There are 2 protein chains.
Amino acid sequence: MTEPVLSPDPVSDDLAALPPLGRSRQIMDALARYIQARNLQPGDRLPPERELTAALKVGRSSIREVVSQLSALGIVEARIGSGTYLLRQISAETIYMPLSLSADGLAEALLMTLEVRRGIEIEASIAAARRRTPEDMARMQEALEEMERTHHREGGSGKADFAFHMTVYDAAHNPLFRQLLEQMRDIFERFWDRPFDRPDFAARSFPYHRTLFNAICAGDTAAAAEETRKILDVVEEDIRNMRP
Amino acid sequence: MTEPVLSPDPVSDDLAALPPLGRSRQIMDALARYIQARNLQPGDRLPPERELTAALKVGRSSIREVVSQLSALGIVEARIGSGTYLLRQISAETIYMPLSLSADGLAEALLMTLEVRRGIEIEASIAAARRRTPEDMARMQEALEEMERTHHREGGSGKADFAFHMTVYDAAHNPLFRQLLEQMRDIFERFWDRPFDRPDFAARSFPYHRTLFNAICAGDTAAAAEETRKILDVVEEDIRNMRP
DNA sequence: CGACTCAAATTGGTCTGACCTATTACCAAT
DNA sequence: ATTGGTAATAGGTCAGACCAATTTGAGTCG
């Protein structure tokens with residue numbers, strides 16, 4: 001189809017003259033605006049590099065540089081022969097906070113990571129208990145009941161657990177919680193075959209979900225923190241029993 | 001000087017034949033091993049791209065790609081005309097956890113970030129109260145007294161505050177805490193002119209540092225969490241009063 | 001001897017064009 | 001309708017040239 005890039009895109013004009021500072025950041029912002037202007041959503045394919053080259057008026061090397069950086073940041077995924085796909089939202093105002101960690105072993109790394117994640121999850125629960133709206137409560141209740149319906153089944157409870165926690169994060173009304181914890185869970189599951197799908201794990205952890213839900217609805221920050229801690233303790237126990 | 005790369009570096013041989021999967025990750029690992037083998041420390045300059053090209057047996061584009069990714073991940077900083085410098089440790093086993101966040105304004109972003117940071121800091125304090133050793137206590141006490149000596153001075157108290165908190169993170173005996181919080185503080189201060197150096201800020205926050213120290217030494221996890229929360233609340237207040 | 005000047009070497013940044021490989025799309029033959 | 005193969009498409013790599021900023025060092029002047 002080779003849809004012609006019709007927008008003059010004022011950004012590209014600016015770019016032509018500026019070598020001073022952080023050009024790659026400028027190109028990244030231009031690309032972000034380009035994506036925003038076309039309202040591309042996660043999952044969508046962005047234009048081929050050679051087309052972006054023409055649209056943003058920069059060499060293909062420069063395009064590849066920023067795409068490569070976005071790929072390293074987990075914003076974008078390049079599939080050879082197919083195209084480059086958007087993985088998560090991006091805007092020119094996006095702040096990137098790359099963290100790196102080194103650990104001796106996998107279980108070690110997971111336990112250390114879990115300790116950090118526990119801190120974040122607890123704070124999210126506290127924020128949720130403070131700021132949840134009636135709509136949040138309705139969404140959480142729905143997800144909770146779906147979880148209770150499926151917790152005995154083999155494969156489905158993982159997704160339900162995930163969905164419930166997402167509603168909690170959203171109830172905190174700080175989008176960072178969802179972003180961070182979603183990404184942390186992604187990373188977690190990349191190195192760990194999700195125990196959420198193992199019935200015994202679900203059985204041990206899911207009672208706390210309703211008490212957490214009740215605490216958040218009651219606005220009881222201390223109880224919300226405590227129930228979240230219990231849930232994460234089950235996860236920790238499971239990691240310790242792992243050891244491949 | 002053009003120091004010849006004398007090590008055959010078995011890594012590069014592997015690379016020559018492998019196009020299948022994640023080549024850039026492989027090159028990154030090879031580069032990490034290369035850095036490890038030479039024992040390069042943060043601040044050191046790594047070999048020029050053209051030299052790495054020869055050493056790792058890949059085109060300059062590929063080298064630039066991974067260096068660009070490492071730059072985006074905050075591992076490395078390229079200074080045009082000077083060289084590329086190592087910012088933090090790296091190894092072939094390093095796990096990258098890039099996070100991105102979008103917010104309406106800077107203060108908004110800082111507050112959201114601070115809420116996350118608070119969760120991590122509190123968990124670090126709890127871990128410290130559980131796992132601190134006598135040596136940790138000695139180090140914390142020394143840093144605390146240095147902080148109390150300098151808290152009235154104009155510029156020095158920021159560094160002392162930083163140093164004290166680092167000893168707390170270390171006392172948690174989970175290196176992730178130090179890594180993450182160090183990086184988060186870096187990012188924070190990139191967008192915020194450190195209030196630590198403002199005397200009124202130091203005056204309001206530093207009393208809690210001794211109570212925190214006492215709680216950690218006593219192994220009182222609840223008190224350690226509480227005092228940490230108070231310190232972060234002062235920071236939050238300061239951000240709210242900022243508004244440029 | 002010290003400090004300054006300026007040119008050359010060094011180094012990262014960009015562009016171009018070529019070629020490779022994997023994927024996708026399309027069209028013809030069965 | 002299914003299959004099979006071919007062309008177009010897209011990202012990945014390489015090579016060479018050139019640019020711009022920095023660093024280095026020789027040479028010069030005070």
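A, B, ... follow the sequence lines: proteins, then strands. Residue 1 opens every chain. Side chains are part of it too, since the values below use all heavy atoms of this structure and drop only hydrogens, waters and symmetry mates. From a predicted model like this one, the values you see are computed outputs, not experimental measurements.
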Quick one: [X] [atom1] to [N] [atom2], roughly how many Å, whole number?
{"X": "A/Ile80", "N": "D/dA8", "atom1": "CD1", "atom2": "P", "value": "19 Å"}
{"X": "A/Leu70", "N": "D/dG11", "atom1": "CG", "atom2": "P", "value": "14 Å"}
{"X": "B/Glu49", "N": "D/dC19", "atom1": "CD", "atom2": "C1'", "value": "14 Å"}
{"X": "B/Gln26", "N": "D/dG12", "atom1": "CD", "atom2": "P", "value": "14 Å"}
{"X": "A/Arg23", "N": "D/dA21", "atom1": "CZ", "atom2": "P", "value": "12 Å"}
{"X": "A/Glu65", "N": "D/dG11", "atom1": "CD", "atom2": "P", "value": "17 Å"}
{"X": "A/Arg79", "N": "D/dA10", "atom1": "CZ", "atom2": "C1'", "value": "13 Å"}

Below 4.0 angstrom, N of the basic side chain to O of the carboxylate: do A/Arg149 and A/Glu146 qualify?
yes
Salt bridge flag under 4.0 Å for residues B/Arg88 and B/Glu182:
no
Side chain of B/Pro48 only, heavy atoms from C-beta on: which candidate in C/dG12, D/dT22, D/dA10 is closest?
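Between C/dG12, D/dT22, D/dA10, the one nearest the side chain of B/Pro48 would be C/dG12.
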Do the side chain of B/Arg60 and the base of C/dG13 come within less than 3.5 angstrom through a donor-acceptor pair of N or O atoms?
yes
Under 4.0 Å, counting only non-hydrogen atoms across every strand here, what does [X] touch: a base, just sugar-phosphate, or nothing?
{"X": "A/Ser62", "result": "sugar-phosphate"}
{"X": "B/Ser61", "result": "base"}
{"X": "B/Gly59", "result": "sugar-phosphate"}

Over 12 non-hydrogen atoms of neighbours within 6.0 angstrom of CD in B/Glu77:
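Atom CD in B/Glu77 is packed in, count exceeds 12.
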Under the 6.0 Å and 45° cation-pi test, does B/Arg185 pair with B/Phe162?
no
What are the atom names and distances for every N/O pair under 3.5 Å that joins the protein to nucleotides 3-5 of chain D?
none

Looking at B/Arg79, is its backbone amide N or carbonyl O close enough to the side chain of B/Ser82 to form a donor-acceptor pair, meaning the two atoms are under 3.5 Å apart?
no
